[in-house]
Structure formats: C-alpha cells, structure tokens
Amino acid sequence: MSITKTYDPKIAEEKWYAHWLEKGYFNSVPDDREPFTVVIPPPNVTGVLHMGHMLNNTIQDVLIRRSRMQGKNACWIPGTDHASIATEAKVVQKLKSEGVSKADLSREEFLGHAFEWKDKHGGIILEQLKKLGASCDWNRTHFTMDQSYSESVIDVFVDLFNKGKIYRGVRMVNWDPDALTAVSDEEVLHKEVNSKLFFVRYKVVGTQDEWLNIATTRPETIFGDTAICVNPSDDRYKSLHGKSIHVPLTDRTIPIVTDEYVDVEFGTGCLKITPAHDINDYEIGVKHNLDNINVFNDNGTLNAYGLHYEGIDRFEVRKQIEKELNEKGYLIKVEDHQNKVGYSERTNAVIEPKLSLQWFVNMKELSEPALENVMNGKIQFHPSKFKNTYRHWMENIKDWCISRQLWWGHRIPAFYYGKGTNDFVVAKTIEEAIEVASNKLGKSITKKDLRQDEDVLDTWFSSWLWPISVFDGLTKPNNEEINYYYPTNDLVTAPEIMFFWVARMIMAGYEYLDELPFRNVYFTGIVRDKLGRKMSKSLGNSPDPIELIHKFGADGVRVGVLISSPAGNDLPFDTSQCEQGRNFSNKLWNAYRLISSWEVKDIEQPASSAIAIDWFKNKFQKTLTELNELYDNYKISEALMVSYKLVWDDFCSWYLEIIKPGYQHPIDRKTLEQSVFLFNDVLKVLHPFMPFVTEELWHQLSDQKEDLVVSSWPDFSGFDEGVLSSFSSAAEIVSNVRNIRKQQSIGGKVKLELFYSGKYMGGKEFTSMIRKMGNLSVFESTAEKIGNSNGFIVDGIQFYIPFGDAVDVKAERAKLEQELEYSKGFLISVQKKLGNERFVNSAPTNVVENEKKKQADALLKISLIEEKLGNLN
RNA sequence: GGGCGAUUAACUCAGUUGGUUCAGAGUGCCUCCCUUACAAGGAGGAAGUCGGGGGUUCGAGUCCCUCAUUGCCCA
C-alpha cells in the first residue's frame, strides 16, 4: 500500500491554505445571499498567539466555515488593536534597553519609534492565525489606528462632546509613582497583604482632654486630612456632630462630618477623610465640600504639606511617623490587619490614588438601550448566565474615563487657548479648532495660539466602534457594506471583557446606527493549565500554539482546544487533548486508506452491506439533526463530540467493519460508491472542526470539481427510527457474542454457533450482518432445549451459544442467578410503584403505561432466566 | 463588603419544563488481542448514596431552605 500509514498534516495544511487563498474563498463582497458576519476581537497589534486566541479563533472559524457551507455569504473580518498601554509599554521598554528614555524624546520622535515597532512586529499574530486555518477575509484586515478608523474615533469624540455626553472633570486615577504615569484600572493588580491598622487619637477642639480615636492604615496621609467622618446613627459620637478637631502633628483643625458610608463596625467607627488620596474619601469630600490636600509628589515622596517629612518616601514616612505619633502620645495601639492593596502590573509599585483632570463619557443614556436589548433577548448571550452579570454592571454603570497619559493612540481632539478650565474647544482638526475658537473668543486666533491635549484616548474608545468602523459605517454613512454586513451575527470573546468591550460595542451600535452590533455573543472561558492556573507568559505555563500545530497538526490542535470547552467554562488544557485530536485525524485518514485499498468488482452486494448502508444513512441523518441543534444552541464542544463519535464508533467501528470484504477479496461496486458518498457527507460535517484533513481526503477519495470548503452542508432528509433501533438490537447481539468470547477466552477467529428461541425479527440483512460481525457459523432459531450453553437476552429473546461440556456450568449458573436476583428486585420496585394508588392516580398516563411495560418486561426476563437455569445440567 | 455562578465516575464535562433517551459521554484505568485501515489501533470491563442536611411531591440530580467548599466580576 503506497498511502502512508499515518496522516501527515504539514503538506496538506500548506497546500490547502494556499489554495483556498488563491481561490479567494474567504473573500466576501455583498451580494444577494444572506450575510453571516463575524468581527474578530482584534488582538494587540504586537501580540503573539497564545492559547486563549487559539480557542477563541477556532470557535469563530468553526462558525464561519459552517455558515459558508450553508450557503451564506460568510465574512470574517480580521484585524488588530493598537492597544495603547500595552504597546507603549513595550516600546518604552525596548527604547530603555537601548539606553533611550521616553522623557528625552519628543512626542513625534517617540511615535516614530512606535510605528517602527508596529511595522516590525505588527501582524505576526495574523500570520499565526493562518496556520490555525482561520478563514478570515484578509483583504479586509483592519487596524484601529488606520486613517479612516482614526477619523471615526475622532468623529465620535467630537460628536459625543457636542451632544454633551463627553465632559472634562476631576477624578481619581491610579498613579504609578515609579513609572510616573497614570495606569488604567485593568493594569492594577489587587493583592491581599498583611499590613497594620494604626489607632491614632485626635483632640476635639475647645476641650481640655476630649479625644477621638481613629483607625487608619495610612498614617502618613494625616497631613492630607480635611475632615473626620462618623456615621450619623452612631450614638457614640452624636455629641460631636458639628464640632472640629485638631490634626495631630499639625496646627490645622478640621470639621467632623457625618455620612452613612462609614462602617460603624470597622475600626473605631471614625474615619479620617483624605480626599486627595482615596477614592471613597474623595467622594465624601465632594459631598461635604471638603478641601483636597495632596501631600505627595509624583514620585511618591511627601511634599511641603508633609512638613518635616518633605522629600521622604511614603513608606519611610509611615515608619517614622509611627514613632513620632507614639512619642507625642497620639498613637494608641497598632493591630495587624489584612487589606487589599493595588500594585502596578508593570512596575509592581504600590498604586497611589491621585486626583487629576480627565475626560469622561457620561454613560447613563448610552447604557439604556444596551441593557434593554440584552435583557429582552434581542442580543443573545451564550451561556445566558452572563446576562445577570451584565445587568448588574449596567444598572450600576459609572462614567467612563477615556483619557490616558500616553502618546500611542488617538490624541484627544481638544485644543486649549488659555489656562482656564474651560479655555478649550473640541474639533476634528486644528483648522476647525481655529475656527471654532475664533468664534468662541470673538477674535481671530492662529495655530500657535492653540495647544492640543497631550493625552490619548482609552483603547476601548476605539475598539467599541469595531463592528461599525471596519465597514466605514461612520465615515461613509449608509454605504453598501455597512448596510449589508451590519448587524453582524456572532461575536466570540472572553467574559472578562464583557464590560470593557462587549457592552460598549452594544452602546455604540445603538447610539450610532440605532441597531444592535451583533445578534449572539459566545463567551469562551479562560485557558488554564493542569493546576488550574491561568495560562500566561509570566508563568511560562502556556505552550506555544505554533509548536503544538507542528507537533499535532492544526486540525489536531483545533480538536484539542474544543473537545472539553463548553461555552463560558474555563478550558483546562492539556496537550494530551491535542494528541487525541491528532489521533482523530489519523483515524479519518485510515478510514480513507481502507476504502482506497479495495479492489472493485461488479459482484453482488452482500445483504450485510446493504443494511449497513441503509443504517448509516439514517444514523447520519439523525446525527445531522443533533448537530444542527447543537450549533443553533452554540454547544460547539458537544457538536464536536457528536461528530467524533459518528466517525469513530458509527462509521469506523460498525459501518466499515460490516462492509469490509474478506482479506484480498474485492468489494462490490455499489457498496464502494455508497461508501464514498457517505464518507463525503461525514467529511462535510467535520470540515468546520478539521478543515485541512477533510479537504485533503475530500479530494483523495474521489474526483471533486468543487472544494470542500465551499461545498454545501448536508441537507436534512429525515430518518427512520425503526431502522436505527433494529440495528442497535443487532449490534447488541454482536456485543453479547463478543463478550462471551471474551469470558470464555475464545479468539475472534474461531467461528461460533448462535441459536435463539422465539422469533428474531431482524430479517435476513441483519442476520447476515450479525453472522459476519459475530463470526458465526450458525445463527438460527431452535425449538430444542439447549442445555449447557452461554446465553443472553436481547429484546426478550433468549440466545444461546452451546458449548457442551466446555461450559463452566457453575459459573454460568452463578451469572444467571445474579441476573435473576437483580431482575426480581427491579420487578418489586416497579410493582411497588404500580401498587401505589396515589402514583397511578396522579402520574400522567404515559408514565404509568411505561411502568406497566417495565413490569411486563421484567416478568418475561425472569421467566427466561428461570427456564435457562432449568436447562443447565 | 455587594453581585453572579459552580459542586454529578480518577479527570473534564452533558443532563430543556420534576417521571425511559436517568444516572450519561470523552479521556484515563483494568483485561485480552501487534487479526489482512489505523497499537496514534481493536474487543470487552470496572467505576458515582449526583457536596452535606432538611423540606415540597405519589415521585427530586432536576424545585425550595440551609450549611460547606469553590470560582468569577465589582468595590
């Protein structure tokens, strides 16, 4: 045999991917077919493929390929995200390694380096996706900083500003004192740490010796205290309402205010309020109109407000101030305390909350249609449990801080002409800004009078437009493409970006196109290692997907990541799953190898082959309905498993074994032709999961004018449940025979005789199949009592394999007695149920009928076993 | 602290409205077999009081309460 014994993915993968591209199968243009659109969650432009991408993109490809085969105009838009923070960090790091500091560069110089970096590393990930088999329309590759995309981002900013939905305000940001920049919430890691809770006493103004005890984890911020807050209902402090208090170590006095926010149980029930250094304090400060005193320099040392601690680092101050407070009689006690502290993901510095002027989007109105249309099911979440989380977030939505103190990204189109907080205009270009500002000021100004905002926009402020802007839906409203492809169909993404991205795309969709951006959202899980840890680069526990593809083939890896990954559940990944996938590819390959090895002759078709074909046709149709249903419900892993069993168990273990001619015997033409036909259908349903091996076999198996990738998904034509159940009875008979062989240690080559009493309804086709699969010399009915034999019961018919003296009568008797006992126990339980009047009266009739049938079956079985026992010598 | 989930075989998971597709699948494990597609294989097998405890019901893996363990999101 010239065909290799195992499937070699390498050649097929390269060949077919190139072929598909050359034929342009993945390219889509609007036509009169129904569109099926998916936009890729754009990976970071400088990213490399990790296991999360593998899972995510395999699912998208499965959905896209199936839709394409269903005759839809499938369009999968690829692209990348500029990922401002991540990319800028990488560029800064790279420059640093070359001895260049970002601070020494101008904005233009830095951006030059950034684009250079992007051109070099950008899009590697897209090339890697091709290895996976992703059938994206590569002509439509987008980047969030492309010219027209950027325009739409700026347009949206200007538009929302003009609608009053974007405003500028003070807010607490996460300040990284090492990197000297604000970082986003996503870049702050909260860790549980052991710290200390300091109990400090503050003297009440106007009293000789009245003190208030306050618990704090940050005594160094005492210099920024601008109030003491107690719960208004706290009886301990009611007498102090409206009074003032001295701040220790300073000559300042501050008011005592009341707020429900204070937890009576925590610490002493008195909270010192430092509005400049804690987000909650800040909010209380706003409410009670308190001053903000910032006591820190940007590098985390204290400033002049820190008095004699000026210039000393915050943590050092904490140590020293503990000593001073103690010496001066302010410190009452110190307790150990566990709390959560935010650390910078990049520098590991403790994050300092800092007040600054930022840009915000008012989310209230935007969120309303977005919430409504998920809750009412117009946009479906899979699995639906995520609706709850979504609702909770949307109902408590906060304004969105969209400015970032970075250079890489879309620069905020705000232009300042003065120092006042309102001395600015928002405009798409500087030219427009000049005009708007001139009008506003009532005098003509020039370019050099304007200074553009230094900050860029949050990355999500561009990616929330992704499903719209990849079709230029904003820059060219109502163009043919946006009208055709939008709303898109399915979005496949991770639950952790449900708020950052999914929710905001929905908002943008309703705000700008008055329409949902996608109909279904499939949430994948997190890929974890065997120990349950999230796979990450820093842990080094993530296998390189490209190496996996080399080792197991793209199809094998695709199967490996899908096989145990229900929607919304984490995927505990192990390379052994890819091995299973590779073995599956190989199984398919060998099925083909077997069929192709047969010599064809115009001989009569065996009855067993005829029934096998009839059965498999029905079996396939039944499986097809299951598959379609599973797809409709986005149960992709289960669909794969169903396909896997169809191939392995039904097609290979049963079908091919039944039709397989004897060694060096030819096969009849009819059976071979039918087999090729059936195999092709199998390849079709398997193609979305395993595109390469199926395309290869599709062409190897028979001459095909059309490629599998663009062939049509099998039609549903119905199936006959009767044929399926007759077959499973026959298969059960065969299994029983095999089992007896096993128990008796009789090899498969030894022919056995099988008799049965009563009437076997299978007909000659099944008889022929059973004879072949059981390797029987005799399979017939007998009226004679068979004495020493091994037996079994299928469908109420007693089967015997006579062995005469060879039978271990004792063992057979024991086996039968055990069965008898079980059946009797079963009968009793059924009869008990039927004897219960309340059951018979309240249960639906079909349930009662069923119990009656169970009773009859059990009685029959018992009589058969008893008869058999009587016949044993 | 607030919210949302999860707990079914050694592992990973199915289990629609309570009752035959109810105790399932794949992997792993055990036994036998290198049989003429595939040992990356074949045939067979064992394995779970459905997290604990209560309750509703003729009937609970499924509904309710409670406890335990655990995950995620937000603060």
Side-chain angles (χ1 to χ4, degrees), chain A residues 1 3-7 185 190 263 265-266 279-280 340 383 385-393 395-398 495-496 498-499 525-526 528 530 532 534 552-553 556 559 563-566 568-574 576-577 579-598 629-630 633 635 637-638 640-642 644-645 648-649 652-653 656-657 660-665 721 725 728 734-743 745-749 773 775 832-844 846-851 853-854 857:
Chain A
M1 193 178 295
I3 306 164
T4 56
K5 207 166 159 179
T6 53
Y7 168 61
D185 292 344
H190 292 276
D263 181 356
E265 303 289 318
F266 184 80
I279 180 67
N280 298 309
K340 275 194 177 167
K385 65 176 180 185
F386 285 113
K387 276 168 83 169
N388 292 331
T389 319
Y390 181 82
R391 181 179 55 205
H392 183 246
W393 192 75
E395 285 176 349
N396 296 289
I397 197 157
K398 299 213 166 70
E496 58 224 69
M498 185 194 293
F499 308 128
I526 294 167
R528 298 182 179 278
K530 264 182 170 171
K534 186 174 174 175
F552 300 108
V559 169
I563 198 100
S564 63
S565 174
N569 275 33
D570 286 357
L571 164 64
F573 181 79
D574 189 76
S576 67
Q577 290 158 224
E579 203 173 313
Q580 190 183 353
R582 177 202 58 183
N583 294 354
F584 187 37
S585 310
N586 197 47
K587 187 72 185 173
L588 266 183
W589 178 257
N590 273 287
Y592 148 68
R593 194 165 155 248
L594 175 66
I595 290 178
S596 69
S597 73
W598 292 328
E629 209 179 302
L630 289 169
N633 291 305
K635 301 201 169 181
S637 299
E638 275 190 70
L640 171 59
M641 186 50 72
V642 165
Y644 180 90
K645 286 192 275 193
W648 210 299
D649 300 342
C652 293
S653 295
L656 289 179
E657 290 299 332
K660 186 156 96 178
Y663 183 48
Q664 295 192 332
H665 284 65
E721 214 42 272
S725 81
S728 47
V734 171
S735 288
N736 274 294
V737 172
R738 285 171 177 167
N739 204 352
I740 288 170
R741 278 183 195 277
K742 172 89 177 172
Q743 282 163 12
S745 300
I746 300 163
K749 286 177 189 168
M773 298 304 282
N775 196 19
K832 223 177 190 172
K833 224 177 196 179
L834 286 168
N836 183 340
E837 259 181 59
R838 291 209 281 177
F839 168 73
V840 181
N841 294 336
S842 17
N846 63 325
V847 174
V848 179
E849 284 308 308
N850 227 323
E851 289 301 313
K853 187 175 177 297
K854 275 186 191 171
D857 288 350

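Labels below follow one simple rule: chain letters A, B, ... track the order of the sequence lines, proteins then strands, and each chain is numbered from 1. No hydrogens, no waters, no symmetry mates; every other heavy atom, side chains included, goes into these values.
- Taking 4.0 angstrom as the limit, A/Arg738 places a side-chain polar atom (N or O) nearer than this to OP1 or OP2 of B/G44.
- Listed pair A/Asn590 / B/G41 fails the phosphate criterion, with no side-chain N or O lying under 4.0 Å from OP1 or OP2.
- Atom-to-atom, CE of A/Met641 to P of B/G24 comes out at 17 Å; the value is rounded to the nearest Å.
- Remark: B/U27 base-pairs with B/A10; criterion is Watson-Crick or G-U wobble with both hydrogen-bond distances under 3.5 Å.
- In this model, the phosphate group of B/G42 is approached by a side-chain N or O of A/Trp648 to a distance below 4.0 Å at OP1 or OP2.
- Taking 3.5 Å as the limit, the base of B/A43 and the side chain of A/Glu657 contain no donor-acceptor pair of atoms between them.
- Closest non-hydrogen pair, A/Asn590 versus A/Arg593, comes out as OD1-NH1, 2.7 Å.
- Of the two residues near RNA chain B, A/Lys398 and A/Val840, the one whose nearest nucleotide lies more 5' is A/Val840.
- Comparing A/Asp649 and A/Pro495 by the nucleotide of RNA chain B that holds the closest heavy atom to each, the one mapping nearer the 5' end is A/Asp649.
- In this model, a side-chain donor or acceptor of A/Lys587 finds a partner on the base of B/C38 within 3.5 Å.
- Of the listed nucleotides (B/G45, B/A37, B/A40), B/A40 has the atom at the smallest distance from the side chain of A/Arg582.
- Between B/A37 and A/Arg593, no contact under 4.0 Å exists linking OP1 or OP2 to a side-chain N or O.
- If you take CG of A/Asn583 and C1' of B/G28, they are 14 Å apart, rounded to a whole angstrom.
- Using atom P as the reference point in both B/U16 and B/G61, the two lie 13 Å apart (nearest Å).
- Of the possible polar contacts, one joining the A/Trp589 side chain to the A/Thr4 backbone as a donor-acceptor pair under 3.5 Å is found.
- A/Glu496 places its CD atom 16 Å from the P atom of B/G71, with the value rounded to the nearest Å.
- Shown here is A/Glu629, whose CD atom has no more than 12 heavy atoms of other residues, nucleotides or ligands within 6.0 Å.
- When the C1' atom of B/U36 is taken as reference, atom OH of A/Tyr663 falls 5 Å away, rounded to whole Å.
- With both ends at atom C1', the span from B/A37 to B/G42 equals 11 Å, rounded to whole Å.
- Within a 6.0 Å radius of CD in A/Glu837, no more than 12 heavy atoms belonging to other residues, nucleotides or ligands are found.
- Nucleotide B/G5 forms a pair with B/U70, judged by Watson-Crick or G-U wobble geometry with both contacts under 3.5 Å.
- For A/Asn850 and B/U20, the CG to P distance is 8 Å, given to the nearest whole Å.
- Atom-to-atom distance recorded for A/Met773:CE and A/Lys660:NZ is 8.5 Å, nearest 0.5 angstrom.
- A close approach under 4.0 Å does occur between a side-chain nitrogen or oxygen of A/Asn388 and OP1 or OP2 of B/G5.
- On the P atoms, B/U7 is 11 Å away from B/C63, given to the nearest whole Å.
- Atom-to-atom, NZ of A/Lys385 to P of B/C73 comes out at 13 Å; the value is rounded to the nearest Å.
- Separation of the C1' atoms belonging to B/A23 and B/C34 is 37 Å when rounded to the nearest angstrom.
- Atom name C1', nucleotides B/A9 and B/A46: the rounded distance is 11 Å, in whole Å.
- If you check B/C58, B/A40, B/U36 against the side chain of A/Lys749, the one that comes closest is B/U36.
- Nucleotides B/C74 and B/U27, compared at atom C1', are 37 Å apart to the nearest Å.
- Atom CG of A/Leu588 and atom P of B/A40 are 17 Å apart (whole Å).
- Contacts of A/Lys854 with the nucleic acid, taken as non-hydrogen atoms under 4.0 Å apart, include base atoms.
- Residue A/Ser735 is classed as a sugar-phosphate contact, given heavy-atom separations below 4.0 Å to backbone atoms only.
- Rounding to the nearest 0.5 angstrom, the gap separating the CE atom in A/Met641 from the CD atom in A/Glu638 is 9.5 Å.
- Note that the CD atom of A/Gln580 and the CD1 atom of A/Ile563 stand 4.5 Å from one another [nearest 0.5 Å].
- One distance of note links CZ of A/Phe499 with NZ of A/Lys398; it measures 11.5 Å at 0.5 Å rounding.
- Listed nucleotides: B/A14, B/A37, B/G44. Nearest to the side chain of A/Lys742: B/G44.
- Each of B/A37, B/G2, B/A43 was ranked by its minimum atom distance to the side chain of A/His392; first place goes to B/G2.
- Pair assignment for B/U57: none, as no Watson-Crick or G-U wobble contacts are both less than 3.5 Å.
- For A/Ser842, taking side-chain heavy atoms from C-beta onward, the closest of the listed nucleotides B/C58, B/A37, B/G26 is B/C58.
- Using a 4.0 Å heavy-atom cutoff across all strands shown, A/Thr389 reaches sugar-phosphate atoms only and no base atom.
- When both distances must be under 3.5 Å, the Watson-Crick or G-U wobble mate of B/G41 is B/C33.
- Within the 4.0 angstrom heavy-atom criterion, no nucleotide atom of any strand lies near A/Ser585.
- What separates CG of A/Leu594 from P of B/A37 is a distance of 6 Å, to the nearest Å.
- Contact annotation: A/Tyr644 reaches the phosphate of B/U27 (side-chain N/O to OP1 or OP2, under 4.0 Å).
- Within 4.0 Å (heavy atoms only), A/Lys833 reaches no atom of the nucleic acid at all.
- The residue A/Phe584 sits apart from the nucleic acid: no heavy atom pair falls under 4.0 Å.
- Between B/G5 and B/U66, the distance separating the two P atoms is 15 Å to the nearest Å.
- Summarising the geometry of A/Val642 relative to A/Leu630, their closest heavy-atom pair is CG2-CD1, 3.7 Å, with the distance given to 0.1 Å.
- When the nucleotides B/C38, B/G19, B/U27 are ranked by their closest atom to the side chain of A/Lys5, B/C38 comes out on top.
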